[in-house]
Amino acid sequence: YDKILPAVNASAELVPDLLLRAAASQTLIRPALTDLAYKRTANFNSFRYNDGNPGLEPTYADQWEAGLEWYLPGGGLLSASYFWKEIAGVITNQLTGVVPDVTKYNANGTIDGVYDFEVFQPVNADGSFTVKGVELAAVLPFGMFVPALDGFGLNANYTVLDSSLTGESDLGIDTSPIGLADNTYNVTLYWDNGGPFAARASYNRKSDYVEYIQNNNYPVYRDGYGQVDVAASYQLTPNFRVEVQGINVTEEATTGYTM
């Protein structure tokens, strides 16, 4: 396939340290090679074949964004932006056929029975959907407020989305785009004074979202979830650094539900 993808970016300094930025573009995401591969795997417990699809097309998006950025002393930043995207050709896994009269064998070689196997493939969904939202971000070095706290700081961002319903279920159940939560945010406290040692602790939160569509019928939801991550690093030489990370150190569990 051939595609020209135009893009334009513009910025203007409204007053010292306050910038207005705007951008518009067309983009594409190519299918994963594992989805494009001509292959077939069988799940004999669910009587199902999972095929690849060499005929997949890219997912395309028209998008624009506008925002304000206020640069503060000491490397601080406050920003707010509004974005809009129209996305077409999203790749979803759908029932595309049935293979009748498949013989299923037991582990000892005897015949368990003869069944019809459903065939599922990744396909480009019809139509398009829109995603729009607001993103807020802040980088606040504490030294700009209290000199004794130089090296400590806070990095935070918050995104709220409003997406059109995609209705991917064969039962006509309207669902939001898979994987997109209406609200996400991150708050990070950090220590970095330019020396060899640096550390950070983060809290990441994502509200509930649709994880996948079960057999093209019922949406499976993932409940809102937050976790704490920590990391520390030490720069031993200009070319060698040691880093230790802790992921979900409070051992938060994830839960889900369906209809």
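One-based numbering along the sequence shown.
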query = Just wondering, are more than 12 heavy atoms of other shown residues or ligands nearer than 6.0 Å to CZ in Arg40?
reply = yes
key: Asp223 vs Tyr257 side-chain heavy atoms within contact, under 4.5 Å   = yes
task = Could you state whether Ile29 and Leu36 fall into the same hydrophobic cluster, counting links through intermediate Ile, Leu, Val, Met, Phe, Trp or Tyr residues with side-chain heavy atoms under 4.5 angstrom apart?
result = no
key: Pairwise distance CG(Asn204) to OG1(Thr188) - rounded to 0.5 angstrom   = 6.5 Å
message = Can you confirm if the aromatic rings of Phe117 and Phe44 lie within a centre distance of less than 6.0 Å?
response = yes
task = Determine whether more than 12 heavy atoms belonging to other residues, nucleotides or ligands lie under 6.0 Å from atom CD of Glu243.
result = yes
Donor-acceptor side-chain pairing of Glu65 and Gln63 below 3.5 angstrom = no
task = Starting at OG1 of Thr34, measure out to NZ of Lys39 and round the result to the nearest 0.5 Å.
result = 6.5 Å
key: Least distance between heavy atoms, Val131 atom then Phe129 atom   = CG2-CE1, 3.5 Å
task = Tell me, with the steps shown, if Tyr158 and Asn183 meet side-chain contact (heavy atoms from CB on, under 4.5 Å).
result = CA-CA 7 Å; Tyr158 173 72; Asn183 295 274; 2.5 Å; yes
task = Report the C-alpha separation of Arg222 and Lys206 in whole Å, then their side-chain angles, then the decisive distance to 0.1 Å, and conclude whether the side-chain contact (heavy atoms from CB on, under 4.5 Å) test is met.
result = CA-CA 10 Å; Arg222 182 62 57 182; Lys206 185 175 184 178; over 6 Å; no
query = Out of curiosity, Glu135 CD to Ser79 OG, how far, rounded to the nearest 0.5 Å?
reply = 7.0 Å
ask   = Which atom names give the shortest non-hydrogen contact between Val228 and Tyr203, and what distance separates them?
value = CG2-CD1, 3.7 Å
query = Can you hop from Phe197 to Val242 via hydrophobic side chains spaced under 4.5 Å?
reply = yes
note = d(Ile87 CD1, Asp62 CG) to nearest 0.5 Å is 10.0 Å
request  = Return yes when atom CG of Asn9 has more than 12 non-hydrogen atoms of other residues, nucleotides or ligands closer than 6.0 Å, and no otherwise.
outcome  = yes
query = More than 12 heavy atoms of other residues, nucleotides or ligands under 6.0 Å from CH2 of Trp70: is that the case?
reply = no
task = Count the heavy atoms belonging to other residues, nucleotides or ligands that lie under 6.0 Å from CG of Leu33, then report whether that count exceeds 12.
result = no
Neighbour count >12 (heavy atoms, 6.0 Å) for atom OH, Tyr105 = no
task = Given side-chain contact (heavy atoms from CB on, under 4.5 Å), test Trp64 with Tyr82 step by step and report yes or no.
result = CA-CA 9 Å; Trp64 63 267; Tyr82 178 86; 3.6 Å; yes
remark   = Scanning both residues in full, the closest heavy-atom pair of Thr59 with Gly89 reads OG1-O, 2.9 Å
ask   = Is it the case that one hydrophobic cluster holds both Ile178 and Tyr221, taking links as side-chain heavy atoms less than 4.5 Å apart, direct or via other members?
value = yes
inquiry  = Check whether Asp229 reaches the backbone of Asn248 with its side chain - one donor and one acceptor, N or O, closer than 3.5 Å.
reply    = yes
task = Could you tell me whether a side-chain N or O of Asn53 sits under 3.5 Å from a main-chain N or O of Pro122, the two making a donor and an acceptor?
result = yes
message = So, taking the atom named CG in Asn157 and the one named OH in Tyr185, what distance separates them when rounded to the nearest 0.5 Å?
response = 11.5 Å
ask   = Is the closest side-chain donor-acceptor distance between Ser207 and Asp182 under 3.5 Å?
value = no
ask   = Which residues satisfy the side-chain hydrogen bond (donor to acceptor under 3.5 Å, both in side chains) test with Asn108, sequence neighbours excluded?
value = Thr110
message = Taking Tyr115's backbone N and O only, do any of them form a donor-acceptor pair with Asp101's side chain (distance below 3.5 Å, no angle check)?
response = no
inquiry  = Is it the case that the side chain of Asn124 and the backbone of Glu57 share a donor-acceptor pair, with hydrogens and angles ignored and the cut-off at 3.5 Å?
reply    = yes
query = What pair of heavy atoms forms the shortest contact from Leu56 to Pro31, and how long is it?
reply = CB-CG, 3.8 Å
ask   = Is there a path of hydrophobic side-chain contacts, each under 4.5 Å between heavy atoms of I, L, V, M, F, W or Y residues, that connects Val15 with Leu72?
value = yes
key: Between CD on residue Gln121 and CG on residue Asn50, distance to nearest 0.5 Å   = 9.5 Å
ask   = Any side-chain heavy atom of Gln26 sitting closer than 4.5 Å to one from Ile4?
value = no
request  = State, to 0.1 Å, how close Arg21 and Ser11 come at their nearest heavy-atom pair, and which atoms those are.
outcome  = NH1-CB, 3.7 Å
request  = Consider only side-chain heavy atoms of I, L, V, M, F, W and Y, link residues closer than 4.5 Å, and tell whether Tyr209 and Tyr225 are in one cluster.
outcome  = no
From CA spacing to verdict: side-chain contact (heavy atoms from CB on, under 4.5 Å), Phe152, Val146 = CA-CA 10 Å; Phe152 290 98; Val146 181; over 6 Å; no
request  = Show which residues join Val114 in its hydrophobic cluster (side-chain heavy-atom contacts under 4.5 Å, direct or indirect), or state none.
outcome  = none
query = Which atoms form the tightest heavy-atom contact between Thr130 and Trp84, and what is the distance?
reply = CG2-CZ2, 4.1 Å
